[in-house]
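None of the values given here were measured: they were computed from a predicted structure. Chain identifiers are assigned alphabetically (A, B, ...) following the order of the sequence lines, protein sequences preceding nucleic acid strands; residue numbering begins at 1 within each chain.
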Amino acid sequence: MNNIAALPLLQLSSIGKQFGGLSALSDVSLHIRRGEIYGLIGPNGAGKTTLFNVITGLYQANAGEFQFNGHSYKACKPHVLAQAGIARTFQNIRLFANLTALENVMIGRHLRTRAGVFGALLHNLATRNEERAIAKRAGELLHYVGIEKPGQTLAKHLSYGEQRRLEIARALATDPLLLALDEPAAGMNATETESLKALLQMIRASGITVLLIEHDVKLIMGLCDRVAVLDYGKKIAEGIPEEVRLNPGVIAAYLGGGDE
Amino acid sequence: MKLPVQRAKIVFWLALAALLLLPFVTDALLGRGWVRIADFAMLYIMLALGLNIVVGLAGLLDLGYIAFFAVGAYCYALTGSPHLALAFPSLFPGGVHLPFWIVLPLAALVAGGFGVLLGAPTLRLRGDYLAIVTLGFGEIIRIFLNNLNAPLNLTNGPQGISRIDPIRVADVSLNASQEIFGITLPSVHLYFYLFLAFTALVIFISRRLEKSRIGRAWMAIREDEVAASAMGINTRNLKLLAFAMGAMFGGVSGTLFAGFQGFVSPESFSLMESIMVLCMVVLGGMGNIAGVILGGVLLALLPEVLRHGIVPLQQALFGKTVVDPESLRMLLFGGALIVMMLYRPAGLLPSRVRRRELDTDEAA
């Protein structure tokens, strides 16, 4: 056990991903330590979301392997990785739009609960208790992320900022070890970003490791312990934010050129 | 309003009493033929509720659902009629004649197996593509039933299988009138009560499933399959489960149909029937059990109302039958669907989510 705890939570080794002839990721290696907030930045089209999708099982990598929590994963389905403890949100919000906010979070409890068809039909004591626990936990999580509207509100009727928070609540409901957020601050105003930052710090303080893709440099700099920069599918820098910000390669990638 | 629970109880008992009296009232007012129509309406309700699991909850558009009805019907037709004894005298000298209550669970399992059989190759398909494959599956089953009379006469082909044993409850055949407490119950009444019990069971199962962890997972798949799987839902297993559960409902309904009718033939299981059941689900309100029941009742009654109403009406107006009620049925039916889609796109009784949605819109 001690051994596993000493390892990085997530270790990527030479991950490569091709779409036809296009190489979206090549030879990306990085590791995420337990309990840190790890930022992933890069210009548009740099392969951030692709890397994200590889980690969460939506895409299968063509090369390399990754280890999570001491186990090696290759060609795994998303639900297997969710079971292992990786939960995610989506860049373009993907809630269950026609279900209520509460139901959205309750669905996140699916993989930590057990009731099957017979439980549903018999509705026995174990099932009833489990249902009650699911609803209770879901309600708590809604409160935790700061959604004060009634849980019966349809997900699609929440405001944009609330929808982003609901996605986080739903991901937290899966009891993750690693919470992977794909541009959670996209489209948020300064106040909303500030409270998102506070929420992420609170989540980290509760012991969950956070992986963050973000464009908002201020948020990254103020929040992340370490940052990796992707450009054209390659990792061009990694380190603490201040260091990375001054890295000439990073500046070149963002501003173009490189010699000027 | 003070005691909603008590009120709901009263409504329930009144509804139950009305349903129990329904065959007698119908018989007295409209004639025995209408009791038979009510029996069929309940078979359709069971079918519609089964399809509602697949389409309404899990969001998998199935255009060949009637195939499972056919599977259930032929299960009982083969095991409860002299057909096999006639076709293979050396194998089954005395016929098979399994009792209905043994065939029923077996038929449900076989139909569920066919559900998985349809589900497995279509797991990666969505929307239109899934619809096309399921449509093909429904036709394959029907065509097989139609042609499996040679080289081995398994299904007796287009002639169908007749002389299927009637359903027996506690050693009482439902095919003859029975006298209970001095009241004479004709056969159609007996079947009515049997089907009512099964419909109640199917409604109960539907409700329990809908409000369960499994039901929520199905709805998650319907809403966004990628997000569902990222939240740890094993979409493959749950889709197969939805197909299997829906198919089992269809199989049970089919078995009851075969016992009730005493005769099955492939023409009962045409594509039109699949469409009809789907329309019941859509017309009533996809995903809402009460809506689906209403849709089932309306669409099962519509052709009969037309048959019994339009012909005499035309006779009275024009002195002859100008339009055949059968063609009128499709015309009215298509018209009704178009009007529906324009004015009540969520169905006659929209599901609770859609209703809530409307409420919130008004409040906003």
Side-chain angles (χ1 to χ4, degrees), chain A residues 52-53 56-58 77-90 93-100 102-123 127 130-131 134 138 149-150 152-157 167 170-171 173-176 180, chain B residues 53 56-57 59 112 123-124 201-202 204-242 244-245 248 286-288 346 350-364:
Chain A
F52 223 69
N53 285 342
T56 53
L58 235 51
K77 294 271 178 201
H79 67 86
V80 178
L81 290 161
Q83 179 79 41
I86 302 179
R88 69 170 293 172
T89 66
F90 294 85
I93 302 173
R94 297 187 84 145
L95 287 166
F96 306 122
N98 292 308
L99 303 182
T100 67
L102 192 70
E103 280 169 333
N104 268 273
V105 186
M106 287 170 81
I107 287 165
R109 292 302 294 160
H110 182 89
L111 87 168
R112 304 293 173 212
T113 46
R114 313 182 42 88
V117 170
F118 291 106
L121 295 187
L122 300 176
H123 214 240
T127 309
E130 185 180 281
E131 279 289 301
I134 292 172
K149 282 206 186 124
Q152 294 310 307
T153 317
L154 290 190
K156 64 176 173 195
H157 290 148
E167 264 208 318
R170 186 180 66 178
T174 65
D175 292 343
Chain B
I53 290 182
L57 288 186
L123 284 169
R124 290 158 158 271
L201 182 69
V202 165
F204 174 80
I205 294 174
S206 286
R207 283 181 59 113
R208 281 276 164 97
L209 281 176
E210 190 185 352
K211 289 182 199 311
S212 71
R213 169 173 172 269
I214 302 290
R216 277 196 303 274
W218 280 336
M219 289 191 279
I221 293 173
R222 177 190 73 199
E223 293 292 316
D224 189 329
E225 200 177 326
V226 171
S229 104
M231 288 308 117
I233 290 168
N234 186 336
T235 53
R236 181 195 61 198
N237 289 0
L238 276 150
K239 280 164 125 182
L240 287 180
L241 183 65
M245 287 302 297
M248 284 172 92
M286 216 186 292
N288 179 25
S351 71
R352 85 206 142 88
V353 171
R354 299 298 286 254
R355 205 161 50 233
R356 214 158 40 203
E357 189 180 333
L358 294 174
D359 288 349
T360 344
D361 284 350
E362 276 163 25

Short side-chain to backbone donor-acceptor contact, B:Arg213 and A:His110, under 3.5 Å
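Flag set: sc B:Arg213 to bb A:His110 pair under 3.5 Å.
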Roughly how far apart are [X] [atom1] and [Y] [atom2], rounded to 0.5 Å?
| X | Y | atom1 | atom2 | answer |
| --- | --- | --- | --- | --- |
| B:Ser212 | A:Glu131 | OG | CD | 7.0 Å |
| B:Met219 | A:Asn98 | CE | CG | 11.0 Å |
| A:Leu95 | B:Asp224 | CG | CG | 9.0 Å |
| A:Thr127 | B:Arg208 | OG1 | CZ | 9.0 Å |
| A:Leu99 | B:Arg222 | CG | CZ | 6.0 Å |

Part of [X] within contact of chain B (heavy atom distance under 4.5 Å):
| X | value |
| --- | --- |
| A:Glu130 | side chain |
| A:Thr174 | side chain |
| A:Leu121 | both |
| A:Arg112 | neither |

What closest approach, in Å, do [X] and [Y] show between heavy atoms, and which atom pair accounts for it?
| X | Y | value |
| --- | --- | --- |
| B:Leu209 | A:Ala120 | CD2-CB, 4.2 Å |
| A:Leu111 | B:Gly232 | CB-O, 3.8 Å |
| B:Ala230 | A:Phe90 | CB-CZ, 3.8 Å |
| A:Val117 | B:Met245 | CG1-SD, 4.4 Å |

Between B:Ile221 and chain A, with a heavy-atom cut-off of 4.5 Å, which part of the residue counts as in contact: side chain, backbone, both or neither?
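Contact with chain A: none, neither part.
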Within residues 231-242 of chain B or reaching into it, pairs that qualify as salt bridge (charged side-chain N to carboxylate O under 4.0 Å, His left out) - sequence neighbours excluded
B:Glu225-B:Lys239
Of A:His79, A:Met106, A:Lys77, the largest count of non-hydrogen pairs under 4.5 angstrom with chain B goes to A:His79
Which residues from residues 81-89 of chain A are near chain B, with near meaning under 4.5 Å between non-hydrogen atoms?
A:Ala82, A:Arg88
Leading residue by heavy atom contact count with chain A [cutoff under 4.5 Å; candidates B:Ala228, B:Ser229, B:Gly215]
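Heavy-atom pairs under 4.5 Å are most numerous for B:Ser229.
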Below 4.5 Å, heavy-atom pairs only: which of B:Leu241, B:Thr235, B:Ile214, B:Val226 has the largest tally toward chain A?
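Ranked by contacts with chain A, first place is B:Val226.
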